Amino acid sequence: MPPVIEISGISKRYDQSSTFSLENVSISLEKGYILGLIGPNGAGKTTLIKLILNLINRDSGDIKIFGEDLFNAEKEIKQRIGFVFDEPPWYQQLTLREMTGIVSKLYKNWDSAAYNSYISDFGLDPARKIETLSKGMKMKYSLAIALSHQAELIIMDEPTSGLDPLFRSEILDLLQQRIAEEEISVIFSSHITTDLEKIADYIAFLKDGKIVFNEPMDSLSDRFRLVKGRIDLLDRDTSGSIGYINRRDTHFTGITDNMELTRKIFSRQIDSRDLIISRPSLEELMLTMLKGEKNAESGL
């Protein structure tokens with residue numbers, strides 16, 4: 001069975017004067033898994049999602065979804081995709097019932113029974129106007145729509161942004177449950193790394209339009225270590241094993257993926273507690289790689 005989505009060498013530059021470009025990005029996702037996209041604003045996450053949905057033209061590369069080329073089978077492919085965005089494209093003056101009447105006609109496999117079940121489970125009133133809903137309730141409505149036409153791939157762009165922690169947790173639990181029951185695949189773009197730590201199977205980190213890493217969530221804490229110590233411990237030899245170094249006045253923070261070499265070089269400092277090596281959270285990993293100076297010698 002082919003991957004649900006397979007992106008190979010995709011590149012995009014908006015115009016010659018633009019300083020941003022998405023460069024040679026390759027990502028794949030199997031059925032029933034969640035891919036988290038992380039990175040700062042302007043890293044290319046939304047551009048990548050727009051390319052996946054064929055909302056903008058690619059300069060080069062290939063995108064296959066469900067084994068089909070997106071360019072050649074766009075209509076058929078989009079029938080099998082659900083969308084949940086930070087700013088849902090709903091007519092605010094319509095009621096949920098009226099909006100759903102429009103949307104349901106777009107999908108050949110629309111399941112009214114499933115939709116009604118989701119609406120009931122989510123505590124949504126079909127008679128309410130969309131403009132009267134909170135952001136969290138709008139997000140639940142978007143998720144109900146995405147899950148009611150037998151979507152096999154759901155694409156979510158900052159879906160939990162602006163929601164309080166309790167509501168975010170509720171949405172994530174709900175999403176995990178539905179994915180487990182129906183083997184849906186999800187691409188989940190978010191700057192809230194704690195959300196992705198909770199549900200993502202894979203993490204792709206975008207920076208300046210390039211992939212920094214793309215690997216299973218579980219392996220990140222095994223591969224990388226956070227290194228903290230006094231700034232005077234750094235010299236050409238000691239810094240060689242650290243891939244990203246964020247230097248401050250008195251201390252530094254860095255990321256290494258070569259624990260053996262790092263421990264060997266800093267063995268004396270580790271024993272004296274002048275240096276701390278720990279497993280980074282996803283946020284610590286991302287921020288250190290964003291703020292730190294990349295060390296080409298480390299191979300990271």
Side-chain angles (χ1 to χ4, degrees), residues 3-5 7 25 27-41 43-56 63 65-66 70 77-90 103 106-107 114-115 118 121-122 124 130 133-206 214 217 282 286:
V4 169
I5 184 165
I7 301 170
V25 170
I27 292 173
S28 67
L29 182 64
E30 302 293 334
K31 182 178 181 180
Y33 290 96
I34 301 176
L35 171 67
L37 291 179
I38 64 172
N41 292 335
K45 302 188 301 296
T46 298
T47 294
L48 181 59
I49 286 175
K50 287 181 178 179
L51 287 166
I52 292 171
L53 298 177
N54 207 27
L55 298 177
I56 55 176
I63 300 176
I65 304 179
F66 311 119
L70 175 63
I77 287 171
K78 286 187 175 179
Q79 285 288 321
R80 302 164 68 183
I81 300 178
F83 319 102
V84 181
F85 297 139
D86 178 30
E87 295 295 336
W90 311 128
V103 174
L106 302 176
Y107 295 104
Y115 170 77
Y118 287 126
D121 291 346
F122 296 170
L124 297 172
I130 293 174
L133 300 179
S134 67
K135 183 167 186 177
M137 299 305 275
K138 288 179 182 178
M139 196 58 57
K140 283 188 173 183
Y141 177 63
S142 295
L143 192 55
I145 294 290
L147 292 169
S148 295
H149 58 90
Q150 300 178 27
E152 300 166 56
L153 171 65
I154 296 181
I155 297 175
M156 311 180 79
D157 191 9
E158 299 289 352
T160 56
S161 176
L163 302 182
D164 67 68
L166 184 60
F167 213 110
R168 291 205 326 265
S169 180
E170 185 181 348
I171 291 288
L172 296 175
D173 289 343
L174 178 70
L175 186 61
Q176 278 187 306
Q177 178 185 348
R178 300 304 181 188
I179 290 170
E181 291 174 354
E182 303 177 31
E183 286 195 296
I184 298 168
S185 303
V186 178
I187 295 177
F188 192 125
S189 171
S190 179
H191 67 279
I192 305 175
T193 54
T194 51
D195 287 352
L196 296 179
E197 283 179 321
K198 182 175 181 179
I199 68 168
D201 300 296
Y202 297 90
I203 295 291
F205 176 25
L206 280 165
N214 175 25
M217 182 74 205
L282 187 56
M286 181 178 74

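Quantities reported herein were computed from a predicted structural model and do not represent experimental measurements. Heavy-atom basis, side chains included; hydrogens, waters and symmetry copies ignored.
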To the nearest 0.5 Å, how far apart are CD1 in Ile52 and CD1 in Ile63?
-> 6.5 Å
Kindly compute the distance separating CG (Asp157) from CD (Glu87), expressed to the nearest 0.5 Å.
-> 10.5 Å
Here the gap from Ile155 atom CD1 to Lys50 atom NZ, rounded to the nearest 0.5 Å, amounts to 13.5 Å
For Pro159 and Ser189, which heavy atoms make the closest approach, and how far apart are they?
-> CD-O, 3.6 Å
Report the distance from atom CG of Leu70 to atom CD1 of Ile81, rounding to the nearest 0.5 Å.
-> 7.5 Å
Side chain to side chain, Leu153 and Arg80, heavy atoms closer than 4.5 Å | no
For residues Asn214 and Ala204, report the shortest heavy-atom separation together with the two atoms involved.
-> OD1-CB, 3.8 Å
Full working for side-chain contact (heavy atoms from CB on, under 4.5 Å) between Ile7 and Leu48 | CA-CA 10 Å; Ile7 301 170; Leu48 181 59; 4.1 Å; yes
Could you tell me the separation between the OG atom of Ser142 and the CD1 atom of Ile171, rounded to the nearest 0.5 Å?
-> 9.5 Å
Could you walk me through whether Tyr33 and Val4 pass side-chain contact (heavy atoms from CB on, under 4.5 Å), step by step?
-> CA-CA 10 Å; Tyr33 290 96; Val4 169; over 6 Å; no
Closest non-hydrogen atom pair, Arg168 against Ile192 = NH2-CG2, 3.6 Å
Minimum heavy-atom separation for Asp173 to Lys198, with atom names?
-> OD1-NZ, 3.0 Å
On the 0 to 90° scale, with breaks at 30° and 60°, tag the His149-Tyr107 ring pair as parallel, tilted or perpendicular.
-> parallel
When rounded to the nearest 0.5 Å, the distance separating CG of Leu35 from CZ of Phe188 is 11.5 Å
Side-chain touch Lys45/Glu158, heavy atoms, less than 4.5 angstrom | yes
For Ile199 and Ile34, work out which heavy atoms get closest and say how close.
-> O-CD1, 3.3 Å
Does the side chain of Asp195 come under 3.5 Å of the side chain of Thr160 through a donor N or O and an acceptor N or O?
-> yes
Student check: side-chain heavy atoms of Leu206 and Val25 closer than 4.5 Å | yes
Do you know the tightest heavy-atom contact between Met286 and Gly39?
-> SD-N, 3.7 Å
Lys135 NZ: over 12 foreign heavy atoms closer than 6.0 Å = yes
Would you check, one step at a time, whether the test side-chain contact (heavy atoms from CB on, under 4.5 Å) holds for Ile27 with Leu37?
-> CA-CA 11 Å; Ile27 292 173; Leu37 291 179; 4.2 Å; yes
Mind running side-chain contact (heavy atoms from CB on, under 4.5 Å) on Thr194 and Glu197 for me, showing each step along the way?
-> CA-CA 5 Å; Thr194 51; Glu197 283 179 321; 4.0 Å; yes
Counting N and O atoms only, with roles assigned by atom type, does the side chain of Glu183 sit under 3.5 Å from a partner on the main chain of Glu152, one being a donor and the other an acceptor?
-> no
